[in-house]
Each structure stands twice: as C-alpha cells, then as structure tokens.
Participant: 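The following block contains the structure, expressed as structure tokens.
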Amino acid sequence: MRDPLPPGPPYPSAVQTLGWWARPVAFLERCRARYGRRFTIRLLGSPPFVMLSDPEEVKQVFTAPPEVLHPGEGARILEPVVGRNSVILLDEERHLEQRKLMLPAFHGERMERLTGLITEVAEREAARWPLDEPVALHSRLQAMTLEIILRAVFGLDPGPRLDALRAKLTDILELGARPSAMLPFLQRDLGPLTPFARFARLRAETDELLFELIAERRAEAAERDDVLAMLLEARHEDGSEMSAQELRDELMTLLVAGHETTASELAWALEQLVRAPGALARLVAEVDGDDPGDDAYLTATIQETLRRRPVLPNAAPRLVRQPVEIGGRTYPTGVCVVAQSYLLHHDRAIYDDPYAFRPERFLDEPPGTYTWIPFGGGRRRCLGASFAMLEMKVVLRAVLARAEVRSGLDGPELTRRRSITLSPGQGAVTALHARTAIAA
Ligand code: HEM
C-alpha cells in the first residue's frame, strides 16, 4: 500500500525540529527542492506536518468543512496565556460562535474610527526614536504596537492602569517569547521558583486589572470606539452578554495574535524598503502628496512585504479529524495539513522574480485568495487583518513623514525566529535622519 503521507526528510525528528526552529526558511526551501510542493516533516512532540503549497491544495485546506479539519486543537500551547474561551483554540460550533461575536469589532467602518487614535500613538512613539545613529527598530516597533493594542483594543486611557498593564503584559510576552515556553513540560506548575510560577503570578495580577477594567466599562454608559467597547455590545445567540472571562480571554488572544506579528511585519517593511531605493522614493512621494486618500502604493508596499516576508510562514496547522482528500491524496486522522505561505509566495510559477521586493506587482493585480495567504484563509482567516493593514499604513506614514530612513547595515538581514514569528535577524537596523535637516 502507498504511504498515506507525501515523502519528506528521512532524518530523525530531533534534527528536523532543529532545522525548522533555527533556519526555517532554508529548511523549507531545501525540502521543496528535494520533494516538491508537498512534503511531510516530523517535529518532536507534534503530529506529522504535511506542508502544502499548491494553490489548489491550499484552497481545499481553507474550504474543508469545520468538522474535518481542526486548527484550534493545534494551538493548545497558547492556552495558559489566552485562556480556554479563546477563538484561536476552538473548533466547529464553539469557534464559529466566538468568531461571530468578535467580527463586528473588526469591520472596516469600525476600524476607520480608530485611525485618529492609532495615528496619535504612532506619531508620539516615532518622535522618540533617536536620529542620526543606527537603531534596531524592531524592539521600538514592539513597544509601539503594544501601546496601540492597549489603547485601541483594550480601550485603556493614559494613567496608572495603562502603566501597570503595560509593564505586566510586557513581562508575560517576554516570558512567552523564550523558546523554552514552547516546551509543553515547562508549562506545568513544578514549584514556586520555576518560570511557570513566575508566569502564573503575573497572569493573576494582570487578570485582576483586566477584570476591574471590564467591570468598570460595563457599568459606564460612555460611547467608545475601542474593540472592548464593541465586545461589550456583542450578544450570544440566546441574547446573553459575553462573560468577563470570555472578554478577558479574547483580549489576551488579540494581544498575542496581533502584537508581535504586526511589530515584526513593520520591521520587515522597513528592512526591505531601505534596500529598495526606487520603491522607497515612490512611497515617500505618495506619503508627501496632497491627497491623503491616495494610498495605492502604500497598500501595495505592505502587501509585498507580507508576500516576501510573511511573519508566520504558514497558516495554523489543521489537525485532520476525519479522513480528507486534498490534491487527490487521502490524509488519515491524526496528521496536520499546513498551508505554507512562505513557499507559495516564493513560487516562480505564481510570482515573477519572487525573491525581489517589488510593490508594483500588486498595483495592477490585487493579491489572489489562494496565492497570497499571509493572513491564512477560510473561516479561520486572521480576524485582525484589516486592523493590521490600517495599523501598518499609519505607522509607515508616521515614520516616513518624520524621517529619511537608510539602512544601518551593509548587507541584508537574515531571518530569525522569535517564538512563533519570523523577524529580521538584527532587529531591522535603520538610521533615521530628520527630514527638515536634510531639506535645509
Ligand atoms: C501583520 C500582522 C498579522 C499577521 C501576518 C497575522 C496572521 C495571522 C494568521 C496567519 C492567522 C491564522 C489564520 C489561518 O490559520 O487561516 C491569524 C489568526 C488570527 N489573528 Fe492575525 N495576523 C496579524 C495581525 C493580527 C492582529 C493585529 C490581530 C488583532 C488585533 C489578529 C488577530 C487574529 C486572531 C484573533 C486570529 C484567530 C482567528 C481564528 O482562529 O478564527 N491578528 N493571523
């Protein structure tokens, strides 16, 4: 009988895990060169991952019925932070229910109302960045995207509660970003001095502040534009409100899903732009232009960054719960099928000159649903995609309006894995120079 799984590297799973974690891009490219657009990798402590990068197969993954493929089950590792009601951890009906509650908060028109607030935070933070010396912008972008989420999603106003939550959440995210955080056995309570015990204390203190915030906002009548305000208005099908625990879990989900991803993607945008002078000049001209509604090149630049440097190199792995046929092959229960954005985005049959950074490619032709998948797809597609697009536009505008940007290094930056995201290896080292000084 034919092996039900496509072939893949024969070496031990410890070696494959090392390749996947330490050099993900090189590892994926090598596997594709050897095995083609679908192959199986075996990682320690995980079911076999079948990596797929044919657009037709990706489509079948994204459109399979909810009872057949379970992405939620594959994300269990996040439960200690996001809690068990998190939309990211659920499947089938419970997933759909949470997703329906959250979707209205991320509609375009709601997002528009947050533009002013996001712009204010971005401009204030960017004004603090040092000039005339090479700076690794990634950590500054992390601080900026954290502030944006705390203000626009959690709805926190400046003051002691914002300061306390910023400090505690930074520590929690820092602990979560350590590679050891991904090891299941360290996620257990093994004593008062372990990293988990420290994490559990921080989580308890954070939750107290979040429950306080939720109770206060529920009691007050003021109209607000933030995402928490929308979630407070959401109703389950039986008419009941979201519980405080549900609200807390979804806020933490939005933080975990939306903070590091956007910071890393912005870091890549700058890393790519400073090495593409033609694209940078065209973008600056658009940003400086008289028509604020004209952001075609800015949009294309962000789409190209997401294509060339998808911070999540794949959509959420989907656990097969019922045998499923994809691309003429039947996959058994217990394996994961994984839509591979990195390989799809770097396929010469789909993209001309795929390793070049060329925003123009998206000016005439918008990205395809199954050939451009930085936000995944189907009913699990990133809930925050429009928030992320808006945020990245606002931040790039704020940075480019204030400063001329140049590379702070000689060569390009390699890819580094930071917990689940891929980011520029040296943190997007950039030199900023005041534009007024240059003009003078
Ligand atoms: C550049 C930034 C971002 C990227 C590249 C990104 C990418 C992704 C990807 C690949 C997925 C999995 C989709 C799938 O498996 O089909 C996802 C899910 C998700 N993202 Fe994002 N994301 C970004 C920013 C954000 C932001 C800003 C938020 C919220 C404020 C957010 C909230 C979520 C949520 C809640 C999910 C889970 C959806 C579900 O399971 O139904 N993301 N994201």
Participant: Would you please name every residue forming a side chain to side chain contact (heavy atoms under 4.5 Å, CB included) with Q322, sequence neighbours left out?
Facilitator: E67, V68
Participant: What pairs of residues pass the salt bridge (Lys or Arg N to Asp or Glu O under 4.0 Å) test when at least one of them lies in residues 251-269, not counting sequence neighbours?
Facilitator: E260-R418
Participant: Just checking, R307 and Y351: is the charged tip under 6.0 Å from the six-membered ring centre and within 45° of the axis?
Facilitator: yes
Participant: To the nearest 0.5 Å, what is the distance between CG (L306) and CE (M392)?
Facilitator: 4.5 Å
Participant: Could you tell me which residues satisfy side chain to side chain contact (heavy atoms under 4.5 Å, CB included) with D410, sequence neighbours excluded, listed by chain and number?
Facilitator: none
Participant: Which pairs count as ring-ring contact (aromatic ring centres under 6.0 Å, His included) when at least one residue sits in residues 98-152, sequence neighbours excluded?
Facilitator: none
Participant: What residues form a side-chain hydrogen bond (donor to acceptor under 3.5 Å, both in side chains) with E57, not counting sequence neighbours?
Facilitator: R38
Participant: Which residue pairs satisfy the salt bridge (Lys or Arg N to Asp or Glu O under 4.0 Å) criterion with at least one member in residues 125-140, sequence neighbours excluded?
Facilitator: E125-R128
Participant: Who are the side chain to side chain contact (heavy atoms under 4.5 Å, CB included) partners of L312, not counting sequence neighbours?
Facilitator: T261, I420, T421
Participant: Report the residues that fulfil side chain to side chain contact (heavy atoms under 4.5 Å, CB included) with T115, sequence neighbours left out, ordered by chain and then residue number.
Facilitator: E112, T119, L390, V394
Participant: I'd like to check the ring-ring contact (aromatic ring centres under 6.0 Å, His included) partners of F387; sequence neighbours left out, ordered by chain and number.
Facilitator: none
Participant: With sequence neighbours excluded, what pairs up with Y297 under the side-chain hydrogen bond (donor to acceptor under 3.5 Å, both in side chains) test?
Facilitator: E360
Participant: Check side-chain hydrogen bond (donor to acceptor under 3.5 Å, both in side chains) between T415 and all other residues, then give those that pass, not counting sequence neighbours.
Facilitator: R309
Participant: Ion pair present between D249 and R84, side-chain N to carboxylate O less than 4.0 angstrom?
Facilitator: no
Participant: Which residue pairs pass the salt bridge (Lys or Arg N to Asp or Glu O under 4.0 Å) test with at least one member in residues 145-155, sequence neighbours excluded?
Facilitator: E147-R166
Participant: Answer yes or no for R308 and W268: cation-pi contact, defined as NZ/CZ to six-membered ring centre under 6.0 Å and angle to ring axis within 45°.
Facilitator: no
